[in-house]
Protein chains: 2
Amino acid sequence: MILPVELSCKSEYALLALIELAAHYDTGEPLQIRQIAAQQNIPDRYLEQLLATLRRGGIIRSQRGAKGGYTLAREPWKINLLEVFICIEGLETQPNAQDSDAKSDKTLEGAVILEIWQEAHRAASAILQKYTLQELRDRRDSRRQLDFMYYI
Amino acid sequence: MILPVELSCKSEYALLALIELAAHYDTGEPLQIRQIAAQQNIPDRYLEQLLATLRRGGIIRSQRGAKGGYTLAREPWKINLLEVFICIEGLETQPNAQDSDAKSDKTLEGAVILEIWQEAHRAASAILQKYTLQELRDRRDSRRQLDFMYYI
DNA sequence: ATCATACCCCGGTTTTCCACTGGGGTTTAG
DNA sequence: CTAAACCCCAGTGGAAAACCGGGGTATGAT
């Protein structure tokens, strides 16, 4: 059906990678696939595809050649989670329902269900939209602090 | 991953069937698989499984034998969409994260992502929880009225 | 210049899950 | 006792997700 909002491996990998990139954003230096993959236990050849998608989506930039790698295309607080999901999962469609009488569900009941489903989807999207990579990074860091405190 | 919030065929079929059952609730008579399947264009053998799940979930009751069929276990306004989804998709788990140190994501970053994801999920769930089968039925009926008006 | 590094592109494989089907059995009204 | 209906469980086909590999291209260092 339309509207596959799920936390797939893909999305999680992408976000994990983006957290790393956000953490290294200050340095201006690019991060390489290998490093990210090792840090987060992601199969590197797979991660490569995801990063390519993120690049095409304008979320990250890539530098080719030796000493190359990836950097965020914008500041971490200007990238929200919703656009990451949309970029990765690629839920582009959902144009206006009618073009003459296409196959747009065609039953009253289906339309009613879809309507409510979309309302729920919008609610979830609003949450994702208000969180940025910066917040993710900050939360990670404060968690680290906390764990360190417990360790002592 | 955890938390697959998506509108699957399964869920849609189940809701379509439940709308039919809600519409016939006043009569007290049971509805048969064949009738529901024909009405909503659902493969009947498949629908059978879904109805079985709904029955085990306490959402509908079944009457065996000749003249048997299915009825809602409660009034249509006492069944909300969230419980239908939970029953059908079976997202039961999500216990407290730690039992010693199981495989519960184990990385800080994963936990942070999961946390936000769950917040989004709760937002969507709240929407689904506030709609009942009665509302679905009502919407369907008023849509029908509207379409009829246009027809004239 | 050349060479190692690291991204780029595109296709294949494996695994998993979903939608769907089939073959029996059991209960119940007439 | 028989037909109508639900009940249970075990498959199958296809598609998508996750993952891997090969060869190409740009780039910094020597």
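No experiment lies behind these values; they were computed from the predicted model shown. Below, chain A is the first sequence line, B the second, and so on; all start at residue 1.
- Set against C:dA19, D:dA18, C:dC8, the side chain of B:Tyr46 has C:dA19 as its closest nucleotide.
- If A:Ala66 and A:Ala52 are placed on DNA chain C by their nearest nucleotide, the residue sitting closer to the 5' end is A:Ala66.
- The pair A:Arg140-A:Glu20 counts as a salt bridge, with a side-chain nitrogen and a carboxylate oxygen less than 4.0 angstrom apart.
- A salt bridge links A:Arg144 with B:Glu109: the closest approach of a Lys/Arg side-chain nitrogen to an acidic carboxylate oxygen falls below 4.0 angstrom.
- Nearest to the side-chain atoms of B:Glu48 among the listed nucleotides D:dC7, C:dC20, D:dC19 stands D:dC7.
- Here D:dC19 is the nucleotide among D:dC19, C:dC7, C:dC20 with the atom lying nearest to any side-chain atom of A:Pro43.
- Residue-level contact check: A:Ile33 touches the backbone only, with heavy atoms under 4.0 Å from sugar-phosphate atoms and none from bases.
- The separation between A:Leu54 atom CG and C:dC8 atom C1' is 15 Å, rounded to whole Å.
- When the side-chain nitrogen and oxygen atoms of B:Ser62 are compared with OP1 and OP2 of D:dC7, one or more of them lie within a distance under 4.0 Å.
- If A:Asp44 and A:Gln63 are placed on DNA chain D by their nearest nucleotide, the residue sitting closer to the 5' end is A:Asp44.
- The interatomic distance linking A:Arg56 (CZ) with C:dC8 (C1') rounds to 9 Å, in whole Å.
- Note: OH (B:Tyr70) to C1' (D:dA5) measures 9 Å, nearest angstrom.
- Judged purely by atom type and a 3.5 angstrom limit, B:Asp138 has no side-chain atom pairing as donor or acceptor with the backbone of B:Asp141.
- As a whole-Å value, the separation of B:Gln32 CD from C:dT28 C1' is 13 Å.
- The CG-C1' distance, from A:Leu50 to D:dA17, rounds to 11 Å in whole Å.
- Nucleic acid contact for A:Arg61: none, since no nucleic acid atom lies under 4.0 Å from a heavy atom of the residue.
- For B:Arg64, counting side-chain heavy atoms from C-beta on, the closest listed nucleotide (C:dT5, C:dC20, C:dT27) is C:dT27.
- The shortest side-chain heavy-atom distance between B:Thr53 and B:Gln49 does not fall under the 4.5 Å cut-off.
- Residue B:Leu7 contributes atom CG, which lies 14 Å from atom P of C:dC18 at whole-angstrom precision.
- The B:Gln49 side chain lies nearest to D:dA10 when the options are D:dA10, C:dA6, D:dC19.
- When the side-chain nitrogen and oxygen atoms of A:Lys67 are compared with OP1 and OP2 of D:dT27, none of them lie within a distance under 4.0 Å.
- Rounded to a whole Å, the CG atom of B:Asn41 is 15 Å from the C1' atom of C:dA19.
- Aromatic ring pairs are classed by plane angle as parallel below 30°, tilted from 30° to 60° and perpendicular above 60°; the pair A:Phe85 and B:Trp117 is tilted.
- Side-chain contact, A:Glu89 with A:Ser11: a donor N or O sits under 3.5 Å from an acceptor N or O.
- For the pair A:Glu12 CD and D:dC19 P, the computed distance is 11 Å after rounding to whole Å.
- The shortest distance between the side-chain N/O atoms of B:Tyr13 and the OP1/OP2 oxygens of C:dC18 is not below 4.0 Å.
- The listed nucleotides are D:dA18, C:dC8, D:dG22; the one nearest the side chain of A:Arg45 is D:dG22.
- As judged by a 4.0 angstrom heavy-atom cut-off over every strand, A:Arg55 is placed among residues touching the sugar-phosphate backbone only.
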